[in-house]
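Sequence lines set the chain letters: A, B, ... in the order given, protein chains first and strands last, and positions in each chain run from 1. All heavy atoms count here, side chains included; hydrogens, waters and symmetry mates do not.
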Number of protein chains: 2
Amino acid sequence: MGRPRQFDPDAAIDSAMDLFWRKGFTDTTPQDLAAELGIGKGSLYNTFASKRALFDLALRRYVDLRAAGVTATLDQPGTARERLRAALRRLADADATLTSRGCLAVNTAVELAGTDEDATRTVRQLFDRLEGAFRTVIEEGQASGEIAAGRDPGQLAALVLTSFLGMSVLAKTTDADRIRHTIDAVLATL
Amino acid sequence: MGRPRQFDPDAAIDSAMDLFWRKGFTDTTPQDLAAELGIGKGSLYNTFASKRALFDLALRRYVDLRAAGVTATLDQPGTARERLRAALRRLADADATLTSRGCLAVNTAVELAGTDEDATRTVRQLFDRLEGAFRTVIEEGQASGEIAAGRDPGQLAALVLTSFLGMSVLAKTTDADRIRHTIDAVLATL
DNA sequence: TTGATTCTGTACCTAGCGGTCAAGAATCGC
DNA sequence: GCGATTCTTGACCGCTAGGTACAGAATCAA
């Protein structure tokens, strides 16, 4: 009972994710959030405990979305190489475009790691999931003879992950073309 | 004439660089800076136009220090591979240690790119300088037969740069050991 | 000395932050 | 219809940010 909520909290988290993604945690104010969600500040704080709590939900959603997106792409049919390229493209496109906001997880790592253990853990979780997914495809590629079997798949996966993180940084200072070239460079080494 | 300044502005920039490096631009307050430099806020603003202007000086200094350090390491005697490893180690050690503050340029790219064209340019300058230096060593390695000559040196240099940026991000969430492993992974692909 | 000049510390200013609260509006069970 | 309950709006609050003003302290030229 009681007055029904006049907005969808779930959609609100999506919008909040978008804002935090574009502006970062610190530079996003409660005003900004309320305006973006189209609600009053009171409703915001009535539904979410604090700016920080909302950010947590948004970050978790981002991590789930990314992880799911990448594994889905990697599970598509095709050679290991093709699937890896598609996955990196997908990540890069989602992150690099739209005023080059980069990757929320990377942005958060840089902004909050060291001061916020919770956020750091969530970010690390995404990194680990991505690395694990990369490793699986690489091993498949090695099994099919498509990728040289001599090299440690864990090492290769670490390289791919690190390159992706680097691309997310690069995306903030350069154009999408350079990102695509970098993807080529990564795949050429496998 | 007039009362002589009671602190060294040059040393002040160094201290400021250190603070900005650890806490980021937004989270560093004029109070913090004055305290760290051991001077009053009045002196701070009498010497430097604004927090932003001080940051600019600090960032430029960082860029010069890094660029000089890397080229110096790469100019040392040794094989191309050895020199590259030393350079990456040096970068990683300077950036990863000490409460894992990462790389000031990377941090700045993530925090300020998109809203601050000046800072973005300065950061991009460092990235370009690093990539250029990497490329030179790689070409030397190819000439001496130490690195496979078949691959585009520009592509390899882009890969090394991107990996370094990725490591700077990773450094904020993981321990130094993982960074060292990643360096190995990068060198193994050359 | 005295003045002109430039530094120094501290009090102060305005704006905006993250967050709270009171008054009213919807909904429900009865 | 009437409470009880929960949401919504918008005014409000304490605090700190980035920055300024000002009175005093050093210096130098004359």
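Put simply, CG on B/N46 is 16 Å from P on C/dT10, counting in whole angstrom units. Spacing between atom CG of A/D32 and atom P of C/dC17 amounts to 7 Å, rounded to whole angstrom units. Going from atom NZ of B/K23 over to atom C1' of D/dA17 covers 12 Å, rounded to whole Å. Going from atom CD of B/Q31 over to atom P of C/dC12 covers 15 Å, rounded to whole Å. Counting to the nearest Å, the P atom of C/dC17 and the CG atom of A/L33 are 11 Å from each other. Separating the CZ atom of A/F48 from the P atom of D/dC7 is a distance of 12 Å, rounded to the nearest angstrom.
With sequence neighbours excluded, the residues forming a side chain to side chain contact (heavy atoms under 4.5 Å, CB included) with A/A53 are A/A49, A/S50, listed by chain and number. Scanning for side chain to side chain contact (heavy atoms under 4.5 Å, CB included) contacts around B/E117 gives B/T120, B/R121, B/R124, with sequence neighbours left out. In this structure, A/D8 has no salt bridge (Lys or Arg N to Asp or Glu O under 4.0 Å) partners at least two apart in sequence or on a different chain.
A/F7 comes within 4.0 angstrom of sugar-phosphate atoms only, judged by non-hydrogen atoms across all strands, and of no base.
Listed by first then second residue, pairs satisfying salt bridge (Lys or Arg N to Asp or Glu O under 4.0 Å) with a partner in residues 150-160 of chain A number zero, not counting sequence neighbours. Contacts classified as salt bridge (Lys or Arg N to Asp or Glu O under 4.0 Å) and involving residues 168-180 of chain A (residues at least two apart or in different chains) are given here: A/D177-A/R180, A/R178-B/D128, A/R178-B/E131.
Here the side chain of A/P4 is nearest to one of D/dG19, C/dT27, C/dG19, namely C/dT27. Taking the side chain of B/S50 as heavy atoms from C-beta on, and the options C/dC7, D/dG19, C/dG19, the nearest nucleotide is D/dG19.
Residue A/Y45 places no side-chain N or O under 4.0 Å from the OP1 or OP2 atom of C/dT20. Listed pair B/R3 / C/dT8 fails the phosphate criterion, with no side-chain N or O lying under 4.0 Å from OP1 or OP2.
With a 6.0 Å cutoff to the six-membered ring centre and a 45° limit on the axis angle, B/K51 counts as a cation-pi contact of B/F25.
Nearest heavy-atom pair across A/L104 and A/W21 is N-NE1, 3.5 Å.
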Give me the distances for all protein-to-nucleotides 9-13 of chain D N/O pairs that come in under 3.5 Å?
residue: D/dT9; atom: OP2; partner: A/G40; partner atom: N; Å: 2.9
residue: D/dT9; atom: OP2; partner: A/S43; partner atom: OG; Å: 3.4

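Summary of the strand contacts: B/A49 and B/G2 both lie near DNA chain D, and taking for each the nucleotide with the nearest heavy atom, the more 5' one is attributed to B/A49.
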